[in-house]
Amino acid sequence: MERITPLLSGRSLNDSVLHQTPFEKSLRRRLVKVGSVLELIERENEYTPASALSSAGELRRLIDTFEELDSELARVITHYIDVSLTRKRLFKGEETSIKHVAYVIKTAAAKGRGVKDGYLKEVKEIYAAISAQNPLAPPFDLARPHFEKDLDTFNLSYQVLLDNFRLLAARLATSNELTGTSPYSVTTLQALVAQAEILTREIAVIVQKIFVVYEERLLVFEQIKESCHAICKRSRFVLGSHHAVYKELMALKHAIM
């Protein structure tokens, strides 16, 4: 049975969406092996480190650092998804969502007798662009080879909707005929645009934070691997290549690397 230290049994082994991706599941399994390496050298009285890198204290410190970054990453990704879903509801799904408001304005304009054909045609074209574009769910699997492309597509889906809704608000503001038929005021449309812009800026800031913490966490994991490698080399020198602990450490190392 695999051993697990208290360091790896708490805050990061949670139900965060972060830990549901294939890469993260693999990473968690490797970290359990790291915990077993730490347990082995702490229990082996004959083992003595040659440097900080091959010491139990340094490995424990690196695990602690990784866990802190992992918890922070899980928190930031959860926040990113929450804000993204709030924005998605603003664009589609609520009675006062951008897509619904655009539909109501288009329908009212089509029924309005005083709306000029040119205005009506333009409103229908704007609505067609809004109707054709659905707001996408936020991508969160940073290990996917095409994650940045997925992120660009995600952002573009909202930009297309917002740009066209701005056009609709601008057209409503310059046409008394349209204003007269619309159940929604120009102020209402402008408020929706402002809300969407605020959420979009917030998401952009959160995404940058995700990238920073994700890279920091990967760097620490590389340092963990270096520490495990140094421990294996040192255990061969101290314990000998035929020692049971050394053999177990080598098996764990291969699983971690």
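Below, each value reflects all heavy atoms present in this structure, side chains not excepted, and no hydrogens, waters or symmetry copies.
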Partner of [X] under side-chain contact (heavy atoms from CB on, under 4.5 Å), chosen from [options]:
X	options	result
Phe221	Asp70, Thr65, Leu31	Leu31
Lys106	Ile130, Leu168, Val123	Val123
Phe66	Leu219, Leu27, Val34, Leu218	Leu27

Closest heavy-atom pair and its distance - [X], [Y]:
X	Y	answer
Ala169	Val186	O-CG1, 4.4 Å
Tyr127	Lys99	CE1-O, 4.2 Å
His243	Leu239	CB-O, 3.6 Å
Tyr214	Phe23	OH-CE2, 3.8 Å
Tyr80	Pro138	OH-CB, 3.5 Å
Arg234	Thr48	NE-O, 2.7 Å

Worksheet item: Are the side chains of Phe211 and Leu151 in touch, meaning some heavy atoms are under 4.5 Å apart?
Response: yes
Worksheet entry | Proximity of Tyr158 and Phe91 rings by center, below 6.0 Å |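 Yes, ring centres under 6.0 Å apart.
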With a 4.0 Å cut-off, would you call [X] and [Y] a salt bridge?
X	Y	value
Arg28	Glu67	yes
Lys209	Glu202	no
Arg166	Asp163	yes

Worksheet item: Yes or no on side chain to side chain contact (heavy atoms under 4.5 Å, CB included) for Glu58 and Gln223, after CA distance, side-chain angles and deciding distance?
Response: CA-CA 10 Å; Glu58 177 65 3; Gln223 294 171 339; over 6 Å; no
Worksheet item: When clusters are formed by joining ILVMFWY residues with side-chain heavy atoms under 4.5 Å apart, either directly or through shared neighbours, do Val193 and Tyr103 land in the same one?
Response: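 Yes, because Val193 and Tyr103 connect within a single hydrophobic cluster, where side-chain heavy atoms sit under 4.5 Å apart.
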Discussion item. For residues Ile41 and Leu53: do they belong to one hydrophobic cluster (side chain heavy atoms under 4.5 Å, members Ile, Leu, Val, Met, Phe, Trp, Tyr)?
Written reply: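 Shared cluster, no.
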Measuring from [X]:[atom1] to [Y]:[atom2], what's the distance to the nearest 0.5 Å?
X	Y	atom1	atom2	answer
Ile126	Lys121	CD1	NZ	11.0 Å
Asp150	Asp141	CG	CG	9.0 Å
Lys124	Ser131	NZ	OG	13.5 Å

Practice prompt. Apply side chain to side chain contact (heavy atoms under 4.5 Å, CB included) to the pair Val160 and Leu156, showing each step before the final yes or no.
Written response: CA-CA 6 Å; Val160 168; Leu156 182 61; 4.0 Å; yes
Practice prompt. Taking atom types as modelled, find out whether His19 and Lys25 have a side-chain donor-acceptor pair closer than 3.5 angstrom.
Written response: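 No, because no side-chain N or O of His19 sits under 3.5 Å from a partner of the opposite role on Lys25.
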Worksheet entry | Residues Arg60, Glu42; criterion salt bridge (Lys or Arg N to Asp or Glu O under 4.0 Å); working and verdict | CA-CA 10 Å; Arg60 182 173 287 274; Glu42 285 184 328; 3.1 Å; yes
Worksheet item: Do we get Arg87 above Phe154's six-membered ring, with its NZ or CZ under 6.0 Å from the centre and within 45° of the axis?
Response: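 Yes - Arg87 lies over the ring of Phe154, closer than 6.0 Å to its centre and within 45° of its axis.
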